[in-house]
Amino acid sequence: GERGAAVEPGGVEYIAESERHGRPLGLFWMWASPNLEFATVYVGVLPVVLFGGGFWPTAIALVLGTALGSVFQGLLSAMGPRLGVAQLVESRAGFGFFGNLLPAGLQVLTAGAGWVAVNSVSGAFALQTFCAAVRLPVPAFVPALGIVVLVEILVAFAGYNFIHAIERWVFPFLAVVFLACTVIIFLHARPGTGFDAAASAAGGGPVGAFMIAVFFAFAYAASWNPYASDYSRYLARGTSQLRVALSSGLGLLVTCGVLEVAGAALATVAGTRWGLTDIPTDQFVKPLPEVLVIVAPLAICVGAVSANAINLYSSAMSFLSMGIRVTARLRRALAAAGFGIVGFLVGVLVVKTDQVGPGGTGGAYENFLFFSTYWIVAFLGVVLADWAMRGGRLRTALLFDRRHSNWRGVAAFLLGIASCVPFMNQSLYVGIVASHYPQTGDLSFAAGFIVSAAAYWLLSRGHAAGDGSLPSP
């Protein structure tokens, strides 16, 4: 039903038509609110601080990358009302029931351990900054992290309806605060800042910095793609696919585009420090007036909770989509709580090993964006190629048939990831193309998608359309 206060029971079952509710517009708030957070701003900081990107080229690149990821978000969200299942259940069509363990497992690690830790750490630092600003006792980092994660777990535990409600309720507050911060940052920024050849990873020149900015922005937006339909699957089957796609895509595009460009501007503000041990959220408040110094950290905390409620919920959905038999009535809620604990532990480890600032030990955040994208683009290639070959006509029963196998999807997925290797360009590994032509930045995201989609199409001609697809109308 539509009750927001009740805990959503069950797991990844098909949503019957009698349970469908909501409007496409709700997907705008759904994807706007969780991106009104500091992690979004930080994506815009990285190309300038690490790769020496000039402000205007970086701003253009960030918008382009975000737009591409937003298009995929819209396409995948439109599957939800059609099928009534979560995204990592829909992907069983292209991967097979047990082949789907591969992307589902990677998604559990990416969201449940990775993004939960990233957002919770920024929320914990912001909580400390807020307490100091209002002259409250400042908690140590670990207790602050525990408070943030606990709130995230409580929201995710309640489930679909409550998460939708929370994202709608917090949107006005987050939008006003972050818009005000963006205006102030631009007033203090130096938009004439050009390419900085002295930056730590500026070897690719201005073009390389531009391409890396495209990659980072796409990576951030695309990180939401593997659970797009998780939040549209309760909409009525006849809901306009165009409205669903536009609401989801624009929610990402508007918020990520604006805040990432604000991050690029923040990196040019005099007095901000981006060393390995500098706390990034502290740099965010430096140009702000006193009232925003108090309110902005609170907004960062709320934004972290908003984002991680989704990450925890969908981590649980991805875990259950692996076919593991869990009979507890609240199995989805219990799994979400478990991943909250995992994210807390990873967050503590990240801070204790000094992997917070740009290029911190091992370049943790940047490499996380890189490596998570390598598998996501291959996943997108298989899922969208399979959906296109079926003409969007798929029998839901196929997705719950444990006998359904599709080795072609697994093979195309692995080929897509392998094709990323020559184009990789990050601190742990530089591929042969990137090493010889550093000005290409990191084109692995394009290679992985194109190769996986093409491989699936070539391997599946004459198979996908006849395997669980509905007959043509």
Side-chain angles (χ1 to χ4, degrees), residues 28-46 62 66 69-70 73 110-111 114-130 144-145 147-149 151-153 155-156 163 166-182 185 216-217 219-224 227 231 251-267 279-285 288 292-293 295-315 340 343 347 350 356 358 365 368-369 372:
F28 181 85
W29 326 119
M30 188 70 217
W31 296 113
S33 294
N35 289 294
L36 291 168
E37 58 156 348
F38 182 74
T40 313
V41 176
Y42 202 35
V43 170
V45 170
L46 294 174
L62 292 169
T66 298
S70 300
Q73 186 75 2
T110 300
W115 282 114
V116 171
V118 167
N119 296 322
S120 297
V121 166
S122 66
F125 282 137
L127 179 59
Q128 290 178 309
T129 303
F130 173 76
L145 181 66
I147 292 169
V148 172
V149 171
V151 177
E152 294 167 353
I153 289 174
V155 177
I163 292 174
I166 286 291
E167 305 299 353
R168 184 175 66 252
W169 295 339
V170 302
F171 177 78
F173 169 68
L174 292 176
V176 169
V177 173
F178 276 103
L179 181 60
C181 291
T182 298
I185 287 170
F216 279 162
Y220 189 77
S223 68
W224 299 109
Y227 30 98
Y231 303 94
L252 273 186
L253 178 61
V254 172
T255 51
C256 290
V258 171
L259 289 195
E260 286 168 8
V261 173
L266 178 65
I279 297 175
T281 50
D282 286 352
Q283 313 314 308
F284 181 71
V285 301
L288 304 181
L292 285 178
V293 169
V295 178
L298 180 60
I300 292 173
C301 286
V302 173
V305 171
S306 173
N308 275 350
I310 293 177
N311 287 319
L312 289 174
Y313 179 89
S314 287
S315 295
V350 165
V356 176
Y365 183 49
F368 172 65
L369 283 173
S372 62

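Along the sequence shown, residues are numbered consecutively beginning with 1. On a predicted model such as this, the values are computed, not experimentally measured, just so you know.
How far CH2 of Trp29 is from OG of Ser306: 13.0 Å, rounded to the nearest 0.5 Å. The CD atom of Glu260 sits 8.5 Å away from the OG1 atom of Thr255 when rounded to the nearest 0.5 Å. Note that the OG atom of Ser314 and the CH2 atom of Trp115 stand 14.0 Å from one another [nearest 0.5 Å]. Leu312 contributes atom CG, which lies 6.5 Å from atom CD1 of Ile153 (distance to the nearest 0.5 angstrom).
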Working for side chain to side chain contact (heavy atoms under 4.5 Å, CB included), residues Gln283 and Val45: CA-CA 11 Å; Gln283 313 314 308; Val45 170; over 6 Å; no
Test side chain to side chain contact (heavy atoms under 4.5 Å, CB included) applied to Leu46 and Leu369, step by step: CA-CA 11 Å; Leu46 294 174; Leu369 283 173; 4.3 Å; yes
Pair Leu36-Phe171, side chain to side chain contact (heavy atoms under 4.5 Å, CB included): steps then yes or no: CA-CA 8 Å; Leu36 291 168; Phe171 177 78; 4.0 Å; yes
Derivation of the side chain to side chain contact (heavy atoms under 4.5 Å, CB included) call for Ile310 and Met30: CA-CA 9 Å; Ile310 293 177; Met30 188 70 217; 3.4 Å; yes
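For Thr110, the side-chain hydrogen bond (donor to acceptor under 3.5 Å, both in side chains) test picks out Trp375, with sequence neighbours left out. The ring-ring contact (aromatic ring centres under 6.0 Å, His included) search around Phe130 returns none, not counting sequence neighbours.
Between the Asn311 side chain and the Ala111 main chain, no donor and acceptor come within less than 3.5 Å of each other. Side-chain N or O atoms of Ser120 include none that pairs as donor or acceptor with a backbone N or O of Ala117 at under 3.5 Å. The closest donor-acceptor contact from the side chain of Thr182 to the backbone of Phe178 lies under 3.5 Å. At least one donor-acceptor pair under 3.5 Å links the side chain of Thr40 to the backbone N or O of Asn35.
Leu259 places none of its side-chain heavy atoms less than 4.5 Å from the side chain of Glu37. At least one side-chain heavy atom of Leu266 sits less than 4.5 Å from a side-chain heavy atom of Phe284. Contact check for Tyr42 versus Ser122: no side-chain heavy atoms found under the 4.5 Å cut-off. Side-chain contact between Ile300 and Thr129: absent, with no pair of heavy atoms (C-beta onward) separated by less than 4.5 Å.
For Gly343 against Val116, the heavy-atom pair with the smallest separation is CA-CG1, 3.7 Å. For Leu62 against Gly44, the heavy-atom pair with the smallest separation is CD1-CA, 3.8 Å. For Leu174 against Ser33, the heavy-atom pair with the smallest separation is CD1-O, 3.7 Å. Closest of all the heavy-atom pairs between Tyr231 and Tyr313 is OH-CD2, 3.1 Å. Smallest separation of non-hydrogen atoms from Ala309 and Val155: CB-CG1, 3.6 Å. Counting all heavy atoms, side chain and backbone alike, Leu145 lies closest to Gly347 at CD2-C, 4.0 Å.
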